[in-house]
Amino acid sequence: MNIKIERVAKLISHYGFCSRKEAEQLIINGKVKINDVIHKDFICDLNKVKQIKVNNKLLVRPNLRVWAFYKPIGYICSNTKQNEKKIIFELLPRNISRFLSIGRLDINSEGLLLLTNNPKFANHLENPKNKIQRKYLVKIYGKITKDILEKTKKKMIINGITYQPLILNKITEKENNNIIEITLYEGKNREIRRILNSFGLLVKKLKRLEFGPFRLGSLKQGQISEIKNINLETKLNDLKIKIENFSRDL
C-alpha cells in the first residue's frame, strides 16, 4: 500500500472539532491519539489511520450538512479577519463558523455561496474536472458583439492564464448598461471580470444565481437556509453526489 501523507491538524479540523491552528497546539500538548497511541508528529500516513482521539474523545465524522447563503457585496469569503475587511462569518450563526465555503465570491460580487462541513463535498463541486455548472447574472457597461460571442465559445488566454469557454446569453441589447447571463464550468479567481475586461467591458454588478443543482431562489441578502435532503454517496475514491427531491427554490 502506498504511503499517503496528510496533516493531522487538517484531519482534526475536518471533523469539525477545532481549527487547524488549535489542532496543532493539541498535538504539541500530547492531546491527540492515533490508533490509541499519542501522536506528536504534525503528519501521518492516512492509510494507517483507523481512529483519532482528542482529549481521549473519539472523533466521529459528522453527517453531511450544506447551507445556501446569499452573500452581500462588501464581504470577503473568509472565516478569519483580514485587516479591516468584513468577512461573511460575521453574518452567520456561530455554530457554522468553522465550516467551508464552496466556490468563493470576491468582495465586489454577491449571490449564492454554498457552505458545508464536508471537505470532499466541497472539493467535488470546486474541481474543474467535474464540470459543475455555475450561472451568473452580470450587469456591464458596454455591448456584447458577435465577435465577443464567438471568442468566448473557445478557450481564451488572457495575461498568460487559460480560460475555458463560456456560455453567454444577452438579456438586453442596449448601447451600454446591458445585462447578460454567463454560465461557466471552471471558476478561476475573478474569471468573469478578467474575461470581460479583456474585451473592454466593465463589470458593474455580478451575482451568482446557481452552483450545480443549487439555486439562489428567494433568498435575500444576508439570509441563509440549510438544505436538508442531500445524500452523499462515497464509493472507494469515486465521490458521487445524489440529490433527491431537491427543492431548487429552497
Side-chain angles (χ1 to χ4, degrees), residues 13 16 19 64-128 130 132-141 163 166-168 171 179-197 201-230 241 243 246-250:
S13 70
S19 69
L64 170 67
R65 298 183 71 183
V66 182
W67 289 263
F69 171 62
Y70 190 143
K71 175 199 169 297
I73 293 172
Y75 289 81
I76 59 173
C77 297
S78 174
N79 57 3
T80 56
K81 196 71 175 176
Q82 299 179 24
N83 300 321
E84 297 301 317
K85 294 179 180 178
K86 295 182 289 186
I87 61 175
I88 59 168
F89 286 94
E90 295 174 5
L91 302 174
L92 301 176
R94 288 187 178 182
N95 64 328
I96 62 171
S97 62
R98 297 194 190 281
F99 291 359
L100 305 168
S101 59
I102 305 175
R104 297 187 175 193
L105 290 168
D106 66 52
I107 193 170
N108 296 314
S109 299
E110 63 181 289
L112 179 62
L113 184 69
L114 298 175
L115 302 164
T116 185
N117 66 338
N118 190 300
K120 286 187 177 181
F121 181 79
N123 291 337
H124 181 88
L125 289 180
E126 291 179 334
N127 193 331
N130 294 322
I132 305 296
Q133 174 181 292
R134 300 135 161 102
K135 186 174 289 186
Y136 302 79
L137 197 63
V138 187
K139 185 175 182 179
I140 60 170
Y141 184 82
Y163 295 95
L166 305 175
I167 299 175
L168 197 157
I171 306 299
I179 298 174
I180 56 177
E181 183 185 80
I182 293 179
T183 302
L184 55 83
Y185 297 88
E186 189 172 29
K188 287 182 176 175
N189 184 37
R190 300 179 68 83
E191 178 173 347
I192 291 175
R193 296 180 188 276
R194 288 174 176 170
I195 291 174
L196 295 180
N197 287 347
L201 301 171
L202 175 66
V203 175
K204 301 180 69 176
K205 188 174 183 179
L206 189 152
K207 179 165 69 173
R208 182 156 60 205
L209 302 176
E210 300 179 17
F211 199 127
F214 307 101
R215 289 188 175 185
L216 185 63
S218 59
L219 283 180
K220 307 298 181 184
Q221 289 195 20
Q223 285 187 338
I224 186 168
S225 176
E226 184 168 5
I227 303 165
K228 296 287 188 179
N229 47 355
I230 299 177
I241 298 172
I243 309 297
F246 176 68
S247 171
R248 295 176 67 91
D249 294 326
L250 293 175

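Given the structure is predicted, the values throughout are model-derived calculations rather than measurements. Any value given below was found using the heavy atoms of this structure, including those in side chains, with hydrogens, waters and symmetry copies removed.
Atoms NZ and CD1, on K86 and I73 in that order, are 11.0 Å from each other to the nearest 0.5 Å. We find the CG-CD1 distance between L196 and I140 to be 6.5 Å, quoted to the nearest 0.5 Å. Distance check: I227 CD1 to W67 CH2 gives 10.0 Å after rounding to the nearest 0.5 Å. In this structure, CD on Q133 lies 12.5 Å from CG on L125, to the nearest 0.5 angstrom. Atom CG in N108 sits 11.5 Å away from atom CD1 in I76 (nearest 0.5 Å). Distance check: L92 CG to E90 CD gives 10.0 Å after rounding to the nearest 0.5 Å.
By the neighbour-count criterion of 12 heavy atoms within 6.0 Å, atom NZ of K139 is sparsely surrounded, having that number or fewer from other residues, nucleotides or ligands. A 6.0 Å sphere centred on NZ of K188 holds more than 12 heavy atoms belonging to other residues, nucleotides or ligands.
Nearest heavy atom pair, residue Q221 against residue E110, reads NE2-OE1, 3.3 Å. Between A122 and T116 the shortest heavy-atom distance is CB-CG2, 3.9 Å. Closest non-hydrogen pair, L113 versus C77, comes out as CD2-SG, 3.8 Å.
Remark: of the listed residues F214, F69, Y136, F214 is the sole one forming a side-chain contact (heavy atoms from CB on, under 4.5 Å) with L112. Looking at L209, I195, L206, L168 one by one, the single match for side-chain contact (heavy atoms from CB on, under 4.5 Å) with I182 turns out to be L168. Tested against Y75, the residues D106, I107, L105, L91 include a single side-chain contact (heavy atoms from CB on, under 4.5 Å) partner, L91. Looking at R193, R208, K207 one by one, the single match for side chain to side chain donor-acceptor pair (under 3.5 Å) with S109 turns out to be R193.
Between the N130 side chain and the H124 main chain, a donor and an acceptor come within less than 3.5 Å of each other. At distances below 3.5 Å, not a single donor-acceptor pair connects side-chain atoms of Q223 with backbone N or O atoms of L219.
Residues N189 and R194 have side chains in contact (heavy-atom distance under 4.5 Å, counting atoms from C-beta outward). Proximity of L64 to N117: side-chain heavy atoms (C-beta onward) are separated by under 4.5 Å at one or more points. Residues I102 and F121 form a side-chain contact, since some pair of their non-hydrogen atoms from C-beta on lies under 4.5 Å apart. Between I167 and Y185 there is a side-chain heavy-atom pair separated by less than 4.5 Å. Counting only heavy atoms from C-beta outward, the side chains of R215 and K135 never approach each other to under 4.5 Å.
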